[in-house]
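Below: the structure, in structure tokens.
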Amino acid sequence: MEFFRFDTEASKEITQFNSHNASISPILRNTAATIGCIHLKENSVLGRHPATCPQLFLIVDGEGWVKAAGGEQVAVVKGTAVYWTEGEEHESGSYLGMTAIVIEGSDLDPHAYLKPLE
């Protein structure tokens, strides 16, 4: 058995897209999918950028917001999954802190497994 870290202290800072107080712990990168753990600290922003492929943002702790290009901030909490299609511009952030698993891949289809938010 081996143990590994993916907490904030083991993450890499994200500075692209005018982001601040945001970091990522990469988990998997290959030709089929990319998976990472995003750490958004207090008063953080992961700046607006296009999804390079279908992307699923799974909030696993805390609370924050997401925003589509030209749209309003939408509150998200633990247990919420947000899906962006390829090319869709978006940003996210948190006033209090939030952790999310991000999964990116061309075959990603949350409709096949996840229950839509009502």
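For the single chain, residues carry numbers from 1 onward in sequence order. Bear in mind that the values here come from a model prediction, so they are computed numbers and not experimental data.
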Work out which heavy atom in Arg48 is nearest to a heavy atom in Glu91; give both atom names and the distance. N-CB, 3.5 Å

Write down the atom of Pro54, the atom of Ser106, and the distance for their closest heavy-atom approach. CD-CA, 4.0 Å

Would His39 and Ser23 satisfy side chain to side chain contact (heavy atoms under 4.5 Å, CB included), going step by step from the backbone distance to the final call? CA-CA 5 Å; His39 306 279; Ser23 61; 3.4 Å; yes

So Ser11 and Ser25, side-chain hydrogen bond (donor to acceptor under 3.5 Å, both in side chains) or not? Walk me through it. CA-CA 4 Å; Ser11 65; Ser25 296; 4.6 Å; no

Taking all heavy atoms of Glu104 and all of Thr52, pick out the closest pair and write down the distance. OE2-OG1, 4.2 Å

More than 12 foreign heavy atoms under 6.0 Å from CG of Asn43: is that the case here? yes

List, by chain and then residue number, the residues other than Leu114 in its hydrophobic cluster (Ile/Leu/Val/Met/Phe/Trp/Tyr, side-chain heavy atoms under 4.5 Å); write none if there are no others. Ile27, Leu28, Ile35, Leu56, Leu58, Val60, Tyr83, Ile101, Ile103, Leu108

If you draw a 6.0 Å radius around CD in Glu72, do more than 12 non-hydrogen atoms from other residues or ligands fall strictly inside? no

Check whether any side-chain heavy atom of His90 sits under 4.5 Å from a side-chain heavy atom of Gln55, and report yes or no. yes

Nearest-0.5 Å distance, CD of residue Glu63 to OG1 of residue Thr99: 12.0 Å

Tell me, do Lys41 and Thr8 make a side-chain contact under 4.5 Å, heavy atoms counted? yes

How long is the gap from OG1 on Thr15 to CD on Glu13, to the nearest 0.5 Å? 6.0 Å

Would you say that more than 12 heavy atoms from the other residues, nucleotides or ligands in this model lie under 6.0 Å from the CG of Asn30, or not? yes

Check: His20 main-chain N/O paired with Ser44 side-chain donor or acceptor under 3.5 Å: no

Any chance you could pull the hydrophobic cluster mates of Leu40, using side-chain heavy atoms under 4.5 angstrom and chaining through other members? Ile14, Ile24, Ile38, Leu46, Phe57, Ile59, Val66, Val74, Val76, Val82, Trp84, Met98, Val102

Let me see the working for His49 and Glu89 under side chain to side chain contact (heavy atoms under 4.5 Å, CB included), right down to the final yes or no. CA-CA 5 Å; His49 61 282; Glu89 291 200 359; over 6 Å; no

